[in-house]
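The structure appears below as structure tokens.
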There are 2 protein chains.
Amino acid sequence: MASSSPRKSADTAERTLDVAERLVQIRGYNGFSYADIAAELDITKASLHYHYRGKAELGQALIARFSARFALALESIDRDATDARAKLDAYVNIYSAVLRGDRMCLCGMLAAEYETLPKPMGEAVARFFQDNETWLTNVFAQGQAAGSLSASMTPSQAAQMILSGLEGTMLIARTEGGLPRFQASARSLLDALTA
Amino acid sequence: MASSSPRKSADTAERTLDVAERLVQIRGYNGFSYADIAAELDITKASLHYHYRGKAELGQALIARFSARFALALESIDRDATDARAKLDAYVNIYSAVLRGDRMCLCGMLAAEYETLPKPMGEAVARFFQDNETWLTNVFAQGQAAGSLSASMTPSQAAQMILSGLEGTMLIARTEGGLPRFQASARSLLDALTA
DNA sequence: GTCTATAGGCAGATAGAC
DNA sequence: GTCTATCTGCCTATAGAC
């Protein structure tokens with residue numbers, strides 16, 4: 001925006017998203033409140049309502065930013081990495097960075113709470129997974145064409161296997177094993193799909 | 001127990017677990033209340049507190065029953081199925097039955113909410129995954145010895161891949177694709193591990 | 001074993017002053 | 001933009017009658 005005020009290091013709306021994002025990734029959408037955010041930002045709940053009309057609106061903004069950031073990261077990978085396996089390794093690194101903060105993937109967390117989410121949030125979560133699957137499918141098709149990735153399943157099947165494998169591993173690693181466990185499992189997963 | 005009263009078809013304590021289990025599997029531990037259960041059973045919240053002192057105690061009972069039932073199912077598989085691949089297919093069928101009711105695995109759901117759970121609940125969830133991994137590791141070792149399962153990774157790695165793959169697929173399938181998607185992904189997963 | 005009644009707290013949200 | 005003050009409703013939980 002950069003419209004009205006003399007641009008602080010991070011305005012309240014953005015810092016609200018930062019705090020809320022972390023809370024959702026660690027505690028879940030039904031596990032945090034406006035009061036939690038207000039306390040961390042040292043403002044009142046009423047002030048938060050100025051920036052986001054309600055929790056549902058905040059939730060949508062959260063997914064929108066997360067998805068946009070993820071899309072940028074994927075574009076960045078497409079620019080920097082050449083072969084398919086390198087792209088997949090970089091893809092795994094995105095998840096590793098999340099888990100390093102003891103966080104769950106935002107959309108993985110919201111997927112668990114899917115039945116309790118406002119409809120627009122649920123739809124945005126589903127789109128996130130679709131977009132990731134599309135990207136992974138393309139990467140896998142590229143890898144198969146180059147002969148570097150296993151041709152024992154379709155690119156679409158492999159994409160689902162990677163996506164759900166990483167989300168599931170994240171989910172379980174948070175209860176035990178943490179980042180080391182996640183990285184070992186991710187390596188096994190990719191190795192199983194490498195020709 | 002079967003101690004005091006003339007044993008009804010299902011006493012309140014048991015029916016409470018049935019309702020609470022479904023609510024947790026669909027909405028999560030932080031997404032249901034005593035009021036929800038009371039309404040379904042047509043009793044008051046106060047009556048529920050007679051059977052389970054508080055929500056944390058109910059939560060522990062939930063995991064205990066779920067884990068015990070799961071353990072019985074695994075014993076049953078060990079009796080009925082002969083080769084390793086048949087055991088894994090039967091294992092997947094347990095998950096399919098859960099998803100058929102639009103439910104998430106109880107412990108998969110609780111894993112997402114791990115950071116908000118009372119300590120005893122969190123520990124019980126971690127144990128559930130450990131027990132499953134142990135069983136799967138043994139099945140995989142058996143399959144490798146018989147030459148029916150892929151020897152390209154250790155039994156322990158394969159067990160983690162199956163467990164997290166199924167949990168992750170369940171998580172995502174609930175947002176889109178449902179049971180058909182889960183079953184297709186599970187088949188891909190097992191096929192990838194079959195020699 | 002189930003009830004009524006109630007406590008005490010926290011949730012999401014709004015009105016209106018500054 | 002942020003505040004104080006407040007609302008309404010739901011949450012978990014308890015005391016005590018039946």
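Every value quoted in this text rests on a predicted model; they were computed, and no experiment measured them. Chain letters run A, B, ... following the sequence lines, proteins first, then strands; residues in each count from 1.
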task = Please list, by residue number, the residues of residues 41-56 of chain A whose heavy atoms come closer than 4.0 Å to an atom of DNA chain C; answer none if no residue qualifies.
result = Lys45(A), Ala46(A), His49(A), Gly54(A), Lys55(A)
task = Only counting residues at least two apart or in another chain, list the ones meeting side chain to side chain donor-acceptor pair (under 3.5 Å) with Thr194(B).
result = Arg85(B)
task = Sequence neighbours left out, what passes side chain to side chain donor-acceptor pair (under 3.5 Å) with Ser152(A)? Give chain and number order.
result = Ser150(A)
Distance-only check: which donor-acceptor pairs under 3.5 Å involve side-chain atoms of residues 166-185 of chain A, not counting sequence neighbours?
{"from": "Thr169(A)", "atom 1": "OG1", "to": "Gly165(A)", "atom 2": "O", "distance (Å)": "2.7"}
{"from": "Thr169(A)", "atom 1": "OG1", "to": "Ser164(B)", "atom 2": "OG", "distance (Å)": "3.1"}
{"from": "Arg174(A)", "atom 1": "NH1", "to": "Ala112(B)", "atom 2": "O", "distance (Å)": "3.4"}
{"from": "Arg174(A)", "atom 1": "NH2", "to": "Ile26(A)", "atom 2": "O", "distance (Å)": "3.0"}
{"from": "Thr175(A)", "atom 1": "OG1", "to": "Ile172(A)", "atom 2": "O", "distance (Å)": "2.8"}
{"from": "Glu176(A)", "atom 1": "OE1", "to": "Gln130(B)", "atom 2": "NE2", "distance (Å)": "2.7"}
{"from": "Glu176(A)", "atom 1": "OE2", "to": "Gln130(B)", "atom 2": "NE2", "distance (Å)": "2.6"}
{"from": "Arg181(A)", "atom 1": "NH1", "to": "Glu133(B)", "atom 2": "OE2", "distance (Å)": "3.0"}
{"from": "Arg181(A)", "atom 1": "NH2", "to": "Glu133(B)", "atom 2": "OE2", "distance (Å)": "2.9"}
{"from": "Ser185(A)", "atom 1": "OG", "to": "Arg181(A)", "atom 2": "O", "distance (Å)": "3.3"}
{"from": "Ser185(A)", "atom 1": "OG", "to": "Gln160(B)", "atom 2": "OE1", "distance (Å)": "2.7"}

ask   = With Thr44(B), which residues qualify under side chain to side chain donor-acceptor pair (under 3.5 Å), at least two apart?
value = Ser47(B)
remark   = residues 16-25 of chain B vs side-chain hydrogen bond (donor to acceptor under 3.5 Å, both in side chains), sequence neighbours excluded, gives Asp18(B)-Arg65(B), Glu21(B)-Arg69(B), Arg22(B)-Glu40(B), Gln25(B)-Arg103(B)
message = I need the residues from residues 24-34 of chain B with at least one non-hydrogen atom less than 4.0 Å from DNA chain D; give them sorted by number, or say none.
response = Phe32(B), Ser33(B), Tyr34(B)
query = Got a sec, which pairs hit salt bridge (charged side-chain N to carboxylate O under 4.0 Å, His left out) with one end in residues 90-100 of chain B, sequence neighbours left out?
reply = none
I'd like a table of donor-acceptor pairs (distance under 3.5 Å, sequence neighbours excluded) in which one partner is a side-chain atom from residues 114-127 of chain A, with atom names and distances.
{"from": "Thr116(A)", "atom 1": "OG1", "to": "Asn30(A)", "atom 2": "ND2", "distance (Å)": "2.9"}
{"from": "Thr116(A)", "atom 1": "OG1", "to": "Glu113(A)", "atom 2": "O", "distance (Å)": "2.9"}

